[in-house]
Colleague: 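So that we are looking at the same thing, I have put the structure below in structure tokens.
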Amino acid sequence: MLDINYIRENRDLVKKGMLNKGESETSAVDSVLEKDEEWRALVTELDRLRAESNIKAKEIGTLMGQGKKDEAQALIKETGDNKERIKELEEKIHTVAGERDELLYRIPNVPDSSVPVGKTDQDNVVHSSWGEPLKAEWRQPHWELASEKKWIDFDRGSKVTGAGFPFYIGKMARLQRSLINFFLNEAVEKGYTELQAPYFVNENSARGTGQIPDKEDMMYTIPRDGFFAIPTAEVPVTNFHRDEIFSMEDLPVRYTAYTPCWRREAGSYGKDVRGLNRLHQFDKVELVKIVHPDESDKELETLRENAESLLQKLKLPYRTLLMCTGDMGFTQTKKYDLEVWSPGQERWLEVSSCSNFGSFQARRMQLRFKNEKGKTEMLHTLNGSGLALPRVVAALLETYQTEAGDVMVPDVLQSFMEEDLI
RNA sequence: GGAGAGCUGGCUGAGUGGUCGAAAGCGCUCCCCUGCUAAGGGAGUAUACCCUGAAAAGGGUAUCGAGGGUUCGAAUCCCUCGCUCUCCGCCA
């Protein structure tokens, strides 16, 4: 969420950002400011009444101590009115604050000025690209090859759990493990601290990173215990420091974590869900940064470079998109998508999304630091995948495929695989 | 899963209905003193919000695991939940 004071001082900028992100109207901005005004007036009144009551309560205490029961009784009678009004006000304030926050949650983060204005994915800008996209020619799509070779068993996965929960078999399972190790090692080498995180989170954590109240449909739930299966490691890792205040020396904080991710992906169909293109359970190594507000622009660029270097080392052609305002999402100020080339399908597949959230997430989870002047200030958060496995595996199976139907192991994975052919 | 004990500021820890946002100690910051070092003295040291103010600052409210309740008044009493510890059971 945005800072209400920021909205008050930048009303037009916030509205413009909203429209650029594809919202049809901006009335929430005016409404939220009205609600806030109302809330502040009520709080002022409530504080005044409470101050009055506190003074009277103290007087009563003193009188009781002196044994002047009658005078005390008289005062107690007087407090009755106040008490009722305080109760009324408290309820009213609770309601108004709820309404205000609901509006506040509907206002998206303001895009950075460097983000191209646009409506759809057509308006995204190719920031850079690497390698030559290969033609399909004799190449099979990964699902055909992997099923034929009994490397991935989609059908048994469906039997055991459901669609989108495949089994990886033998060397394919080992390839998964190798990629996870490779990604984690690279991140640690770049200065990220490895974290092993819980796979379930509670409601507060889901709220902290913004999955609730908006996107709870994407998550699997464990209702009996009130848990959510994580859709990404971002949720537990960013919440790791929820409600904390950092000192300057502790910054920046950089974490990496491998976790499985679970996503319900309701409503997906067709070519998007063929093979490994979109799963309900998949593996991902995530990169998370918590940084000083002045550093977040720079940190986004290094985050992107860190993610890109993985594809370069795997020698998988990719392109990096700078997402336009309309395609970048609600919570980001700026976002890059990395898309790997899938020669078997002759299409680009998203394998990483590197985002700067500014203070949007930090505010929600009260992630703060003491600045140069000793004042408490919101931090900035960023995250990006480094990388999500299935589509990397898809691209790899297709890119490293030989005409004979073998798949060579990329150089950087050979020490993990201890083989040069899968 | 069952039984019991507990949860107080950066930390340790006192506080069982009123003057307690909270003793004391440790830590930290600043100042003083001492030719270095050690020791000593003094002051300060939570968070959020509201109001006044250009600001500096001042005033107010809330917060003692979370939420609710009793009361004129709650760290203190009651209820629900969470967490920690101990014992039993179960288990990789």
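Convention: sequence-line order gives letters A, B, ...; per-chain numbering from 1.
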Colleague: Students should find this one: the first and last nucleotides of RNA chain B, 5' to 3', lying under 4.0 Å from a heavy atom of chain A. What are they?
Modeller: B:G18 to B:G73
Colleague: When you compare B:C20 with B:A74, how far apart are their C1' atoms, in angstrom units rounded to a whole number?
Modeller: 11 Å
Colleague: Reckon A:Leu75 touches a base, only the sugar-phosphate, or nothing at all at heavy-atom distances under 4.0 Å?
Modeller: nothing
Colleague: For B:U19 and B:U29, measure between their C1' atoms and round to the nearest Å.
Modeller: 31 Å
Colleague: How do A:Ser53 and A:Lys375 order along RNA chain B: which one's closest nucleotide is nearer the 5' end?
Modeller: A:Lys375
Colleague: Return a table of donor-acceptor pairs under 3.5 angstrom between the side chains of residues 156-165 of chain A and protein atoms on other chains or two or more places apart.
Modeller:
| from | atom 1 | to | atom 2 | distance (Å) |
| --- | --- | --- | --- | --- |
| A:Arg156 | NH1 | A:Asp153 | OD2 | 2.7 |
| A:Ser158 | OG | A:Phe154 | O | 3.2 |

Colleague: When the P atoms of B:G21 and B:U63 are compared, how many Å lie between them, rounded to an integer?
Modeller: 10 Å
Colleague: On RNA chain B, compare the nucleotides closest to A:Lys370 and A:Lys56; which residue's is nearer the 5' end?
Modeller: A:Lys370
Colleague: Which whole number of Å gives the distance between the P atom of B:A23 and that of B:G9?
Modeller: 13 Å
Colleague: Identify the stems formed by RNA chain B, where each pair is Watson-Crick or G-U wobble with both distances under 3.5 angstrom and a stem is at least 3 consecutive pairs.
Modeller: B:1-7 with B:82-88, B:10-12 with B:24-26, B:27-32 with B:40-45, B:46-52 with B:57-63, B:65-69 with B:77-81
Colleague: Which of parallel (below 30°), tilted (30 to 60°) and perpendicular (above 60°) describes A:His241 and A:Tyr255?
Modeller: parallel
Colleague: Enumerate the residue pairs fulfilling side-chain hydrogen bond (donor to acceptor under 3.5 Å, both in side chains) with a member in residues 97-106 of chain A, sequence neighbours excluded, ordered by first and then second residue.
Modeller: A:Lys35-A:Glu99
Colleague: Please report the distance separating the P of B:G17 from the corresponding atom of B:U76, rounded so that it comes out in whole Å.
Modeller: 11 Å
Colleague: Tell me if a side-chain donor or acceptor on A:Thr26 pairs with a main-chain N or O of A:Lys15 at a distance below 3.5 Å.
Modeller: no
Colleague: At 4.0 Å (heavy atoms only), tell me whether A:Asn54 reaches a base, stays on the sugar-phosphate, or touches nothing.
Modeller: sugar-phosphate
Colleague: Have a look at A:Thr376 and say if it touches a base, only the backbone sugar-phosphate, or nothing, with a 4.0 Å heavy-atom cut-off.
Modeller: sugar-phosphate
Colleague: Among all residues two or more places apart in sequence or in another chain, which pass the ring pair (Phe, Tyr, Trp, His ring centres under 6.0 Å) test with A:Tyr192?
Modeller: none
Colleague: Could you list the residues that satisfy side-chain hydrogen bond (donor to acceptor under 3.5 Å, both in side chains) with A:Ser113, not counting sequence neighbours?
Modeller: none
Colleague: Taking the P atom in each of B:C11 and B:C64, what is the distance between them to the nearest angstrom?
Modeller: 16 Å
Colleague: Distance between the C1' atoms of B:G89 and B:G4, in whole angstroms?
Modeller: 15 Å
Colleague: Could you tabulate the donor-acceptor pairs under 3.5 Å formed by side-chain atoms of residues 224-232 of chain A, not counting sequence neighbours?
Modeller:
| from | atom 1 | to | atom 2 | distance (Å) |
| --- | --- | --- | --- | --- |
| A:Thr232 | OG1 | A:Glu234 | N | 3.0 |
| A:Thr232 | OG1 | A:Lys284 | NZ | 2.8 |

Colleague: Can you pull the salt bridge (Lys or Arg N to Asp or Glu O under 4.0 Å) pairs that have at least one residue in residues 168-183 of chain A, sequence neighbours excluded?
Modeller: A:Lys171-A:Glu419, A:Arg174-A:Glu418
Colleague: Using the C1' atom in both, what is the distance from B:U16 to B:A75, to the nearest Å?
Modeller: 10 Å
Colleague: Which pairs count as side-chain hydrogen bond (donor to acceptor under 3.5 Å, both in side chains) when at least one residue sits in residues 387-400 of chain A, sequence neighbours excluded?
Modeller: A:His142-A:Glu398, A:Ser342-A:Glu398
